[in-house]
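Ligands are counted one by one from 1 in listed order, and the atoms in each one are counted from 1 as well. Below, each value reflects all heavy atoms present in this structure, side chains not excepted, and no hydrogens, waters or symmetry copies. Keep in mind it's a predicted model, so treat the numbers as computed, not measured.
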Amino acid sequence: MMKLWGGRFTKSAEEWVDAFGASIPFDKELVQEDIEGSLAHVQMLEYCNILTEEEASTIKTGLHTLMEKAEKDELEYSVQNEDIHLNLEKLLTDEIGPVGGKLHTGRSRNDQIATDMHLYLKKHTKEIMDNIKQLQQALLGQAGQHVETIIPGYTHLQRAQPVSFAHHLMAYFWMLERDYTRLEDSLKRLNTSPLGAGALAGTTFPIDREYAAELLGFDAVYENSLDAVSDRDFILEFMSAASMIMMHLSRFSEELILWSSQEFNFVELDDTFATGSSIMPQKKNPDMAELVRGKTGRVYGNFVSLLTLLKGLPLAYNKDMQEDKEGMFDTVTTLEGSLKIFSGMIETMNVNTGVMEKETHSDFSNATELADYLAAKGLPFREAHEVVGKLVLKCIEKGMYLLDLSMEEYKTASTLFEEDIYEVLKPSTVVARRNSAGGTGFDQVRHAIEKAQDKVQEK
Ligand code: ARG
């Protein structure tokens, strides 16, 4: 079979070599973007009088037919035609005759593929931003119901100080807010058109790059044609933001997995997001959270792969760059899937408030309160720390907690203790009093939720 670029060749490649070089098995994902790009290109060629109105109109009709067929999954691709661009050109020529060959005037597959990927990522970045927003809404829904639900707060995975459960959930809201704005910011650079850069040097035809860019919804064109065809920063930027989002989701997954263990028992994930064991009938595994944690690895991998792929490449286009696509598709699919799973998981999560309540009464996470109490009455904090440390030790020996000690025992430890310590030591008091900006005090948390709601509404 004759190649579309076969003029210079005397021998045709063997099929298995074609198969190795082809990208059609995966770049067919870009069919819509490729046709959109071609529609804008042909419109520009007509506008600049490079093609006649008649030629352009025949090509456009052909492209629309291909788009309809693509939507119905009716296009038949072949590995011999290497990639999505050559496959579509062949299909177009089959459809409308040799005039189809005029579509490629003043462009190259190099600026074409770069354009396709910009269009693809633009669309998916917006979708992912929307997925983030939905997860934020799910978090706000749960947070709104659990401002006064208290859980142990941890450092070093050791109980530290009690916190509002809503406060804990809202920590993820703000991580996602940064993720959202990172993607939003990347759109500024992503929204630049490489089309018209040609193979690497521009073209002799009197094209109008701005016009084509505008048709495609880009708000700028690349300033340098070499940069336009060899730049993959926009994918790296996306993958870097994606890696951070997955890292956030993975940390959250880890907490959900811990919380749904028998040891914690803080939450129960809905049946939809859990699975049973084929052998142990009692089990309910938090599979979806584990999978998100696991999938984080491939998103990092795709990022590192592309960085590595690019590091030694001279300008401009090199065939190595064909390897940029599968990782990008995989990252998009993984990220969209993980965010959707998370929204569902959080929305339907059952919170075991009773267990949380009981747990916050069964630890020493109110010990700082007691030391602060003494310090506020004038005892140097170091000494207060020592007094409370001894009381904790005493409790451990007796198998009890600070709230169980008698007034007499407190008085023996320090005469500064008064009846009011029992109120001070209550987990709800402990939380409520941490009313500094951004702290877990109930008023602060309510305020943070309101602020967060405004953020989401602005989107
Ligand atoms: N299939 C190619 C890729 O994905 C398209 C660009 C090819 N350009 C070329 N001169 N071979 O990178």
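The shortest N/O to N/O separation between Q322 and ligand 1 falls below 3.5 Å. Remark: ligand 1 and K319 share no N or O pair separated by less than 3.5 Å (distance only, no angle test).
Numbered from 1 in the order shown, with element, the atoms of ligand 1 that lie under 4.0 Å from a heavy atom of S23 read 1 (N). Atoms of ligand 1 lying under 4.0 Å from at least one heavy atom of D83, given by number and element, are 1 (N), 2 (C), 5 (C).
Between the N302 side chain and the R298 main chain, a donor and an acceptor come within less than 3.5 Å of each other.
At a heavy-atom cutoff of 4.0 Å, ligand 1 is contacted by the side chain of K325 but not by its backbone.
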- Could you please spell out the steps behind the ring-ring contact (aromatic ring centres under 6.0 Å, His included) verdict for F252 and F342? CA-CA 9 Å; F252 203 173; F342 244 92; 5.3 Å; yes
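For atom 9 (C) of ligand 1, the closest non-hydrogen atom of the protein is N110 OD1, 3.4 Å. Annotation: atom 7 (C) of ligand 1 to nearest protein heavy atom, Y317 OH, 3.5 Å. Among protein heavy atoms, the minimum distance from atom 11 (N) of ligand 1 is reached at R109 NH2, 3.5 Å.
Under a cutoff of 6.0 Å and an axis angle of 45°, K3 and F9 do not form a cation-pi pair. In this structure, K122 forms a cation-pi arrangement with F218, its terminal cationic atom sitting closer than 6.0 Å to the ring centre and no more than 45° off the ring axis.
Contact between H85 and ligand 1 is present, with at least one heavy atom of the residue lying under 4.0 Å from the ligand.
The side chain to side chain donor-acceptor pair (under 3.5 Å) with Q136 is formed by just one residue from the set Q453, E177, K455; it is E177.
For Q282, the CD atom sits in a packed shell: over 12 heavy atoms of surrounding residues, nucleotides or ligands are nearer than 6.0 Å.
Side-chain contact between V304 and M239 is absent, with no heavy atoms from C-beta onward closer than 4.5 Å.
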